[in-house]
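Each remark here refers to the structure printed beneath this line.
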Amino acid sequence: MRVNFPNASHNRKVGPMASISLQNVDLDFTVRRSHVSLKEFFVRRFQGKPLVKPRVVQALADVNLDVRNGQRIGIVGHNGAGKSTLLRLLAGVYVPSRGDVGIEGRVSSLLDIGLGVEPDATGWDNMFYRGYLQRQTPDELRRLSGEIAEFSELGDFLDLPVRCYSSGMIVRLMFSIATAIEPEILLVDEVFGAGDIAFQEKAIRRMFEMVERARIMVMASHDLNLVRQLCDTVVWMDHGRVRMQGSPDVVTKAYEDFMHKLSEAA
Amino acid sequence: MAQARSIPFENGYLGEVWALRYFWRSLVQTDLRNRYKRSVLGVGWSLLHPMAMTAVICICFRGIFDVSLREYVPFLMSGMAFWAFVAGTTSEGCNAFFHAHGFIKSVRVPLAIYPLRVVLGTMFHFLIVLATTIVVCGVFKGFDGVLPLFSLIPTLAILMLLGWAVATIMAFATVHFPDLQHISTIALQLLFYLTPVIYPPEIITSQRIATVLKLNPLTYLLELIRDPVLHSQFPSASAYVVALLLLGGTMLGAVAATRRCERRLVFALL
């Protein structure tokens with residue numbers, strides 16, 4: 001297995017060339033039926049018996065994906081098809097069980113709402129956490145914070161702890177931060193549904209702007225209209241495999257037909 | 001499964017920890033702020049707590065340990081400060097990854113920053129109480145020499161690294177064996193009495209317990225703090241040797257745990 005996450009600061013010097021390449025990527029989740037107790041662990045070790053056999057769930061199977069500068073990828077698929085898993089793999093949170101992952105460019109992600117925020121900290125604090133995670137310095141962030149706050153339109157709510165926020169408000173905050181510094185690769189997972197229409201439109205405009213500056217965007221969504229509008233390539237995931245990959249109209253059409261057939265059969 | 005190999009970080013593991021310094025620094029700040037949010041005394045509580053404990057134990061045990069208050073109060077305060085650091089680092093270390101699961105599942109950073117966050121918090125409280133102990137000691141009995149106090153600087157560095165390593169080991173271990181959190185509470189309780197925190201080691205007459213105290217590395221760590229503060233003398237070489245051996249061992253353990261478990265940890269938290 002070979003995995004490359006080359007130097008992000010190095011990339012910035014070379015220029016904003018971003019790319020993603022997945023080759024024959026498998027990802028297995030190993031789920032233990034329950035947690036192993038310390039006693040069990042030592043007793044089994046001592047007896048030379050294996051621990052409770054873990055259940056292996058294949059979350060991604062033989063995924064191949066090549067994304068070049070400026071591409072906007074939409075990922076569609078039924079619940080549990082592996083969309084979010086794929087995004088987390090791209091974010092570097094998951095390592096593949098087999099296969100090669102190559103990612104060039106600084107990744108900024110907007111995966112799960114509410115994950116990656118400190119609920120007890122205020123909106124401002126969380127803005128700074130996320131910014132620091134994107135390798136920004138306090139000075140840079142102080143300069144950007146006004147702009148981020150303005151884009152999020154959260155106003156005085158930023159002084160409240162994030163646990164008081166609705167999911168739509170968290171999306172506003174997180175999206176504003178994730179896109180404030182022109183990420184080279186932006187990963188977005190089905191979060192727009194939580195924002196209101198006005199914010200959705202604004203967010204989509206910003207994503208268009210970003211992509212024009214030759215960056216990569218990968219988004220997972222059930223909103224096929226949004227996908228057709230934003231993406232130039234669509235990947236249809238089915239049970240952890242790439243079922244189809246191609247132009248938005250063709251793939252979303254095939255996916256829609258398939259889903260209709262499913263619901264009729266049911 | 002051939003996925004044990006970890007992905008190299010951009011600037012090396014510790015370089016990445018350093019690159020994220022603003023991140024963990026602000027997490028520590030928020031932890032400290034949240035802990036005292038809406039309390040009138042604020043950080044004063046972390047001072048008052050060991051002082052109150054000192055007062056209570058003084059009242060209870062003064063008759064038992066035949067020592068003067070002048071000697072005993074600074075002795076006890078230094079012990080309580082140290083113990084709060086040990087216990088806090090261990091028990092909060094257990095939860096370091098659970099507490100940060102949201103970050104762990106959404107961004108890729110060296111996991112060592114989460115135990116680091118724990119130890120920086122407990123170290124902050126330790127420093128406050130230690131500084132107070134030094135002042136109390138100065139008032140109660142004065143210092144024969146100030147120079148030995150400078151030996152606290154390397155001592156604090158050792159404690160800091162040791163705490164980081166212990167918190168890292170506990171954090172990884174607890175994710176795989178959740179029972180450890182409860183076991184460690186009991187173990188700490190036991191260890192508390194097997195370490196000369198509240199009683200002077202000289203009063204122990206039982207040969208067996210004296211041996212245990214001698215074998216307990218925490219006894220030597222306490223010496224590193226008490227010798228310069230209470231007795232105005234440099235710690236013995238043997239105390240340094242034990243402390244460094246302990247540090248080396250736990251750091252090896254922490255590095256091994258990180259190497260082995262870091263990339264798969266996220267799956268255990270799912």
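Within every chain, numbering begins at 1; the chains are lettered A, B, ... in the order of the sequence lines, protein sequences first and strands thereafter. Predicted, not measured: the structure shown is a model, and the values here were computed from it.
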For residues B:Asn34 and A:Asp120, is any side-chain donor paired with an opposing acceptor at under 3.5 Å? no

Measure distances from B:Arg33 to the heavy atoms of chain A and classify the residue's part below 4.5 Å as side chain, backbone, both or neither. side chain

For B:Ser184 and B:Thr90, which I'm curious about, is there any donor-acceptor pair between the side chains at under 3.5 Å? no

Chain A contact via B:Leu27 - which portion, at a heavy-atom distance below 4.5 Å: both

Under 6.0 Å between ring centres: does that hold for A:His78 and A:His239? yes

Does a side chain donor of either A:Glu104 or A:Ser19 reach within less than 3.5 Å of an acceptor in the other side chain? no

Is it the side chain or the backbone of B:Val109 that comes within 4.5 Å of chain A heavy atoms, both, or neither? side chain

With no hydrogens and no angle check, just 3.5 Å: does a side-chain donor-acceptor pair link B:Tyr13 and B:Thr258? no

Specify which of B:Ala173, B:Ala19, B:Ser26 makes the most heavy-atom pairs with chain A at under 4.5 Å. B:Ser26

In terms of heavy-atom pairs under 4.5 Å, which option from B:Phe103, B:Trp24, B:Tyr22 contacts chain A the most? B:Tyr22

Side chain, backbone, both or neither of A:Phe128 within contact of chain B (heavy atoms, under 4.5 Å): neither

I'd like to verify something: which residue of A:Ser109, A:Pro138, A:Ala121 has the highest number of heavy-atom pairs under 4.5 Å with chain B? A:Pro138

Side chains of A:Ser97 and A:Asp26: donor-acceptor distance under 3.5 Å anywhere? no

Under a 4.5 Å heavy-atom cut-off, does chain B meet the side chain of A:Thr122, its backbone, both or neither? neither

